[in-house]
Protein chains: 2
Amino acid sequence: MRSASPNEAVPATTPAASLVFTTVLSHGPITRTEIARRTKLSSAAVTKAVRPLMEIGYLVEDVGEGARRAIGRPANPVRVDGSRALFVGIKVTGDAIIAVLADLCCRILTARTVPLSGRRPAAVLADIVAVLHDLLTEADAIGGRVRGVGIAVSGDVDRAEGVVRYSPFLEWRDIPLAEIAGTATGLSVTVDNDVRALTRAEHWFGAGVGLSDFALVTVGAGIGCGLVVHGRVVSGAHGVAGEIGHLPIDPQGPLCYCGNRGCVEAVAADPAILRDVRAATGLPVADLAEALELARGADPRVRAVYARAGEAIGRAIASVVNILGPERVIISGEGLAAYDLFAAGIRDAFTRSAFGIAEQCDLTTRPLPFEEWARGAAATAIQSFIGSITLRATT
Amino acid sequence: MRSASPNEAVPATTPAASLVFTTVLSHGPITRTEIARRTKLSSAAVTKAVRPLMEIGYLVEDVGEGARRAIGRPANPVRVDGSRALFVGIKVTGDAIIAVLADLCCRILTARTVPLSGRRPAAVLADIVAVLHDLLTEADAIGGRVRGVGIAVSGDVDRAEGVVRYSPFLEWRDIPLAEIAGTATGLSVTVDNDVRALTRAEHWFGAGVGLSDFALVTVGAGIGCGLVVHGRVVSGAHGVAGEIGHLPIDPQGPLCYCGNRGCVEAVAADPAILRDVRAATGLPVADLAEALELARGADPRVRAVYARAGEAIGRAIASVVNILGPERVIISGEGLAAYDLFAAGIRDAFTRSAFGIAEQCDLTTRPLPFEEWARGAAATAIQSFIGSITLRATT
DNA sequence: CTTTTTTCATTGACAGCGGAAAAGAACTGC
DNA sequence: GCAGTTCTTTTCCGCTGTCAATGAAAAAAG
């Protein structure tokens, strides 16, 4: 939330205006009446919030219109004009940067993946600046202006301060990334935790639209979880939340690198699956693709490994659901490639353990390719941007 | 939140006023400057919110004052005048009603426990009305007027509608308790889930004061959990949350009545402990008191049972902490009597499983006798009351 | 003993948000 | 063209919370 500009004074959009803006963002072309219903504002308030946003050009009336009601004055839906502002979303992993150029509707225009030249902040910063310049050129070519940059990093991130408190993969501690990147690029930079950023994107644009309580579970190299409670992304009291990777699932389970036994990650994350497939088959399985192939070839030993992993994931999800009672759980991550193998285990363990709540909670899968993480970072930038729009003149 | 009055129109206190009111409630005698700091309102706004509340008499200036600052104009702290309104809090269990008469500061003036004459809604209602009349007489004697009634019931409760959706212990389904009790007594009745009510009371008056994210874990006949996230008590999307009793802790654990294996409750709740103590010793242990005695007599077999239970509780707490990252976990419930036996297990399992977060989260115990549950119900009533105060005249 | 400094609280002017109600606008159907 | 319906805007207004200045009460300084 730190800006590159010398003073930090952020001109605030009115609460109603940003509420309306995000509602329009999420609910596509939407009539003013419908906005009023969703936001619980009066129709007059909606009109007054929409007008200045249209004057500036961020909202436009949707001429296409859809199916008209049979009767009464036809509605005049509005939507966000994506082209009016561009954003860059950057996801930093332990060994690469994924960056996207996105428009105001958070549609991905271009994506880039570049390997990290090093993990030290200076090296990462250089890589960020490089990819950013690349995308800025791209933006110029399109003829749009980049209004903000979002950076997503795994670990403990203080978004309000724009500081990476601790990132295990990068081995960073207390790096004021927003400020550094902001001064280096002259752009407004927002930094947030990667899972939270992805969760926000799903909340605004994905399978979480319109929900006030849901969970997003990512399965892959690690197992993570983003939460939305009361319509807000949960950060935890100390910036850490959704750490389901180390939920204690089985006291007799395999040893986890965290020192504990039977963590979800020690059973169901990629390395664990690979390890178990090797152990079960005795074959020198090289990678997950090979493991998947064996499973698809109906090798019962390998399928059992996946089934067990699915069960662990299902138990983790059940834990989240028991604790928070969300309306939906979105399962995603690279691990989704093997979802057919996980599915039965997940569903079994989930319905069994989410005692009496399982029926009320909807399990959904959603393939979220790697660029989606960068898109989440862009969504974070868009959120900051919305909060900083200056509105003037109404009558 | 349903009132007995024919129309449901609830005159709303302004947001700022109720914010200030609850701040004063929680933070005892507090200066206006401090209120401004905590609520992030301007000092002018605080003055304007406090004045009408003082005029009505709910707030008073605290003449006692405490330690003065050495320098500058002395502050003029305000506090809530408890005597200006009384409330009844009622907790309904499977076989008894616990009721308290509390003042506006939620201090318990009188407590009553009466056995239920039956579990059918009509029988329970009759018991509620009886105990209520008893407490109303008491209130008359004191010379105070009861302004609201809160009823706490375990299970799925829709507070906004005042309906008990499903209560396993009472075997109720969709009982509009607030409306029924409201018309029967002519008082404003609020109904809420019991754990949420207790959590709210702890948030306002107990170990959760000033925290925006914490968890309250109750250990006893069952194991439950109330959550506060973003400063609000969590209800879940469908009115159910905090069900940690059936977190899947151990796939090889004992069978739980929910049909699953290794639920926390199947290891650490009172019946489970009793069962395990009997099995471990081969003695016909009659009740928990006896089991406790054996443990205190240093019987290693019995102590092992408690240790195991503590471990299960610790794992459950670790799950909550991993998922939500609260600032504090408050452990309470009747099971606290054996806390010395649980303690090591809880702490071990917790620090082991709450990977990297344990240090940031503070474990506290708090003995909450049964009346506290009823007090929670009273707090719910007070919350409704605050929201319904009509303010007029300011200048 | 007066003046200055410091902190707490209040006042009054004021911008502007958001609501209520009514008017206007656009379309269908008769 | 008129009635009916639905969506949107307009006008008016109350009310809220902020700003900046002022008042109040004490200790410290001169």
Side-chain angles (χ1 to χ4, degrees), chain A residues 9-21 23-24 27 29-55 59-63 65-79 389-395, chain B residues 9-21 23-24 27 29-55 59-63 65-79 389-395:
Chain A
V10 177
T13 317
T14 80
S18 52
L19 190 61
V20 167
F21 202 132
T23 305
V24 177
H27 297 91
I30 179 177
T31 72
R32 292 164 172 82
T33 315
E34 178 68 10
I35 298 173
R37 204 186 57 73
R38 294 199 104 95
T39 59
K40 285 169 186 163
L41 290 168
S42 70
S43 49
V46 172
T47 294
K48 282 185 274 195
V50 167
R51 190 177 13 229
L53 289 169
M54 287 189 55
E55 278 168 5
L59 296 188
V60 291
E61 251 160 21
D62 197 69
V63 280
E65 318 186 19
R68 306 197 150 179
R69 290 291 202 90
I71 195 175
R73 172 178 172 176
N76 239 348
V78 290
R79 62 176 173 80
I389 299 174
T390 325
L391 300 175
R392 282 288 156 258
T394 308
T395 320
Chain B
V10 178
T13 317
T14 81
S18 52
L19 190 60
V20 167
F21 201 133
T23 305
V24 176
H27 297 91
I30 179 176
T31 72
R32 292 165 174 81
T33 315
E34 178 67 10
I35 297 173
R37 204 185 56 74
R38 294 199 105 95
T39 59
K40 286 169 185 161
L41 291 167
S42 69
S43 51
V46 173
T47 294
K48 281 186 269 197
V50 166
R51 191 180 9 232
L53 289 170
M54 287 189 56
E55 278 168 5
L59 296 187
V60 290
E61 249 159 20
D62 197 68
V63 280
E65 316 185 22
R68 305 198 153 180
R69 290 286 204 92
I71 194 176
R73 170 178 172 176
N76 238 350
V78 289
R79 61 176 172 81
I389 299 173
T390 325
L391 300 174
R392 283 286 155 258
T394 309
T395 321

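So you know, we letter chains A, B, ... as the sequences are listed, proteins then strands, and number each from 1.
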- Tell me which nucleotide among dA9(C), dG18(C), dT6(C) gets nearest to the side chain of N76(B). dA9(C)
- Task: Can you tell me the distance, in whole Å, between the CD1 atom of I30(A) and the C1' atom of dT8(D)?
- Result: 15 Å
- Query: A45(A) near the nucleic acid: base, sugar-phosphate alone, or nothing, with a heavy-atom cut-off under 4.0 Å?
  - Reply: sugar-phosphate
- Sole residue of T14(B), T39(B), V46(B) in side chain to side chain contact (heavy atoms under 4.5 Å, CB included) with L19(B): T39(B)
- Euclidean distance, atom CZ of residue R37(B) to atom P of dC8(C) [Å, nearest integer]: 11 Å
- Item | Check: K40(A) side chain, dG18(C) base, donor-acceptor under 3.5 Å | no
- Query: Taking atom P of dC8(C) as reference, at what distance in whole Å does atom CG of D62(B) sit?
  - Reply: 16 Å
Show me the protein contacts with nucleotides 20-22 of chain D, counting only N or O atoms at under 3.5 Å.
none

- Message: Would you say that V78(A) contacts I35(A) through its side chain, given a criterion of any heavy-atom pair below 4.5 Å between the two side chains?
- Response: yes
- Message: Taking 4.0 Å as the cut-off, does a side-chain nitrogen or oxygen of T33(B) come that near to OP1 or OP2 on dA9(C)?
- Response: yes
- d(CD, E34(B); C1', dA9(C)) in whole Å: 15 Å
- Note on the structure: Interatomic distance, OG1@T31(A) vs CG@D62(A), rounded to 0.5 Å, equals 11.5 Å
- Task: Choose from dA26(C), dT16(D), dC7(D) the nucleotide whose nearest atom is closest to any side-chain atom of P74(A).
- Result: dA26(C)
- Query: For the pair made of CZ in R51(B) and C1' in dC8(C), what is the distance, rounded to whole Å?
  - Reply: 15 Å
- Round to the nearest Å and state the distance from E61(B) atom CD to dC8(C) atom P. 15 Å
- Message: Is it the case that dT18(D) (base atoms only) and K48(B) (side chain only) share a donor and an acceptor within less than 3.5 Å, ignoring hydrogens and angles?
- Response: yes
- d(H27(A) NE2, R38(A) CZ) to nearest 0.5 Å is 3.0 Å
- For DNA chain D, whose closest nucleotide is more 5', that of R73(A) or that of R32(A)? R73(A)
- Message: By nearest atom, which of the nucleotides dT10(D), dA9(C), dT6(D) is closest to the I71(A) side chain?
- Response: dT6(D)
- Item | Under 3.5 Å: donor-acceptor pair, side chain of R32(B), backbone of S43(B) | no
- Task: Identify the two heavy atoms, one from L41(B) and one from A45(B), that lie closest to each other, and give their separation to 0.1 Å.
- Result: CB-CB, 4.1 Å
- When you get a sec, tell me which of dA25(D), dT9(D), dC17(C) is the closest nucleotide to the side chain of T47(A)? dT9(D)
- Which distance, rounded to the nearest 0.5 Å, do you find between the CD1 of I30(B) and the CZ of R37(B)? 8.0 Å
- Roughly, in whole Å, what's the span from CG in L53(A) to P in dC17(C)? 12 Å
